[in-house]
> 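Please find one structure pasted underneath; my questions will follow.
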Amino acid sequence: MHSVDGTHISKSETHQIGLALSGGGSRAIAFHLGCLRALNDLGILARVNVVSTISGGSVIGAYYAYMPSLSFPEFASHIEGFLSNGFHRSIAFELLKPWNFVRCGSNFLAAKICGLVSACSGQQPLLPRSLSRTDMFEAVLQRTVFPNLKLGSPRTSNLQIVIGACELRTGSAFRFGNVKSGSWRLGELVDQHVDVSFAVAASAAYPIFLPAFDRKMTFRKNNMAQEARVLITDGGVYDNLGVQVLEPGRDPKVSLHSFPCDYIIACNAGHGQDSGDKIPVGFIPRVSRAFEIVHRRVQDSAMHRLHHLRQVGAIKGFALPYLGQQDHLLPSCPADLIPRSEVIAYPTDFAPMPTKWIDKLSERGEQLTRLLAREYLSDLIPAKGKGIGEVN
């Protein structure tokens, strides 16, 4: 492996460095693009050992990991293309194909009838939802982003990767990895030949808009194999920051994915503290708002854990580039910083993103990452990297 300045780096001779890319739809993809650009310029990205991704972060994180033949400029250009095109139209086009439309429609009606019968009888719904908009999303990802790629496919610098999702029946994390996949409640998947497109679509299947994958899978736990029905949805429901697998102290006998790191870089595309301007009136707005509050509280807890781990010496350091960061609390503030107020309101869907927003969101990610890496991760920056793009 080589750094951006051409210096040979042996990962076995360096600290264990983990990179977490949060959820947040296309907003997260654009923000994380800037974060990765800064890490690459500083010479840190090539030294990362493991990437943990959630939802929108899974799209860009998996693309970086599973496209080892691309140079960073080529990678960045492709990501900008995905953002410009979005996924909405491609999903709609896939859904409107006659065979898919008929199957999705009939499956939707059957699932509704099954749910009604279940509610009246008190029995569990027996009919799995076999085809939905999320399957269309997976098909689009398979065709345009991750063609014929499996989780065990070759990866950039032989990175370890964990793609986070959530299993709704057990209420536990369901994580896909290049070595093994599964859940601590259910065990390890027997069939590890999982498509990258399936893992990423599951990780990004935000409730309501993209239904959970409803599948029967075979797991092995305590040397016993058994089939289980699983409902796999957006990883942000469980751990939107994606840092859990990187934290020290996880018991590998219980946790399928444990990568204790000396340094953690957690890129968070959340919007941060709410203004309080919106008034949630009506059932759906109230439920949505309640979900957002719980979601943010869990995310805040993860950020607090990073500070605690550093304070007690469990990790050597961390950097937290945060889209919703209050600018006045930064250790220093570049004169040309893209202000928080200009970007936090951008939606988290996968609609086409105008170039000006790609530039704004990615530039804020790059500026924050460069600033915080120099402030808190200076030991990881090669001498040449310290001279790249100095902040005025």
Side-chain angles (χ1 to χ4, degrees), residues 18 20-21 23 49-55 57-59 61-63 65-66 124 126 128-132 134-135 137-139 141-142 145-155 158-207 210-239 242-246 250-260:
L21 301 176
N49 304 85
V50 56
V51 180
S52 174
T53 68
I54 301 291
S55 193
S58 294
V59 176
Y63 196 73
Y66 285 100
Q124 294 290 339
L126 300 177
R129 186 165 185 170
S130 59
L131 198 68
S132 70
T134 311
D135 292 274
F137 183 34
E138 180 196 358
L141 291 175
Q142 176 69 242
V145 186
F146 306 107
N148 302 315
L149 289 174
K150 302 289 185 181
L151 290 174
S153 295
R155 299 169 310 286
N158 203 32
L159 274 171
Q160 299 288 331
I161 183 167
V162 180
I163 300 172
C166 176
E167 204 287 301
L168 290 178
R169 293 192 68 188
T170 58
S172 59
F174 192 106
R175 297 185 172 103
F176 300 90
N178 57 283
V179 175
K180 54 188 174 182
S181 304
S183 160
W184 75 271
R185 287 283 302 273
L186 299 167
E188 183 179 336
L189 270 181
V190 171
D191 182 6
Q192 295 290 343
H193 299 289
V194 178
D195 289 331
V196 174
S197 57
F198 178 83
V200 172
S203 179
Y206 190 76
L210 291 171
F213 278 125
D214 191 343
R215 296 287 190 274
K216 287 186 177 180
M217 296 178 168
T218 303
F219 299 87
R220 180 177 290 108
K221 186 174 183 179
N222 299 327
N223 295 320
M224 295 182 60
Q226 64 177 11
E227 187 180 66
R229 181 179 175 183
V230 294
L231 278 75
I232 309 175
T233 194
D234 191 301
V237 174
Y238 192 87
D239 173 23
V243 299
Q244 286 189 350
V245 299
L246 309 179
R250 291 170 61 84
D251 187 350
K253 296 179 181 177
V254 177
S255 304
L256 291 181
H257 301 92
S258 180
F259 299 92

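Just so it is clear, the values below take in all heavy atoms, side chains as well, and ignore hydrogens, waters and symmetry mates.
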> Count the heavy atoms belonging to other residues, nucleotides or ligands that lie under 6.0 Å from CZ of R220, then report whether that count exceeds 12.
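No, the 6.0 Å shell around CZ holds no more than 12 heavy atoms from other groups.
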
> At their closest point, which heavy atom of A205 faces which heavy atom of P211, and how far apart are they?
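In this case the closest contact between A205 and P211 is CB-O, 3.9 Å.
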
> Specify the closest pair of heavy atoms between Q192 and S181, including all atoms of both residues, with the distance to one decimal.
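Scanning both residues completely, I find the closest heavy atoms to be OE1-N, 3.1 Å.
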
> Is Y238 close to F174 at the side-chain level, that is, under 4.5 Å between some pair of heavy atoms?
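Heavy-atom side-chain distance check fails, nothing below 4.5 Å.
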
> Taking CG in N148 as the centre, count heavy atoms belonging to other residues, nucleotides or ligands within less than 6.0 Å. Is the count above 12?
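Count not over threshold, so no.
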
> Check whether any side-chain heavy atom of V196 lies under 4.5 Å from a side-chain heavy atom of L151, and answer yes or no.
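Side chain of V196 against side chain of L151, heavy atoms only: contact under 4.5 Å found.
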
> I want to check something: taking the side chain as every heavy atom from C-beta on, are N178 and Q160 in contact at a cut-off of under 4.5 Å?
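Sidechains of Q160 and N178: in contact.
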
> Can you name the nearest heavy-atom pair linking M217 to V230, along with the distance?
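Scanning both residues completely, I find the closest heavy atoms to be SD-CG2, 4.0 Å.
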
> Are the side chains of D239 and R175 in touch, meaning some heavy atoms are under 4.5 Å apart?
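Heavy-atom side-chain distance check passes, below 4.5 Å.
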
> Which of these, I232, D234, L231, V237, sits in a side chain to side chain contact (heavy atoms under 4.5 Å, CB included) with C166?
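Looking at I232, D234, L231, V237, the match for C166 under the side chain to side chain contact (heavy atoms under 4.5 Å, CB included) is V237.
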
> Within a strict 4.5 Å, meaning less than it, do heavy atoms of the F259 and V162 side chains meet?
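The answer is yes; the side chains approach within 4.5 Å.
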
> Contact between D195 and F146 at the side-chain level, heavy atoms closer than 4.5 Å - yes or no?
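Not touching, per the 4.5 Å side-chain cut-off.
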
> Do E138 and L141 come close enough that some side-chain heavy atom pair is under 4.5 Å?
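No - every pair of side-chain heavy atoms lies 4.5 Å or more apart.
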
> Are side-chain heavy atoms of I163 and V200 found at a separation under 4.5 Å?
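In contact.
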
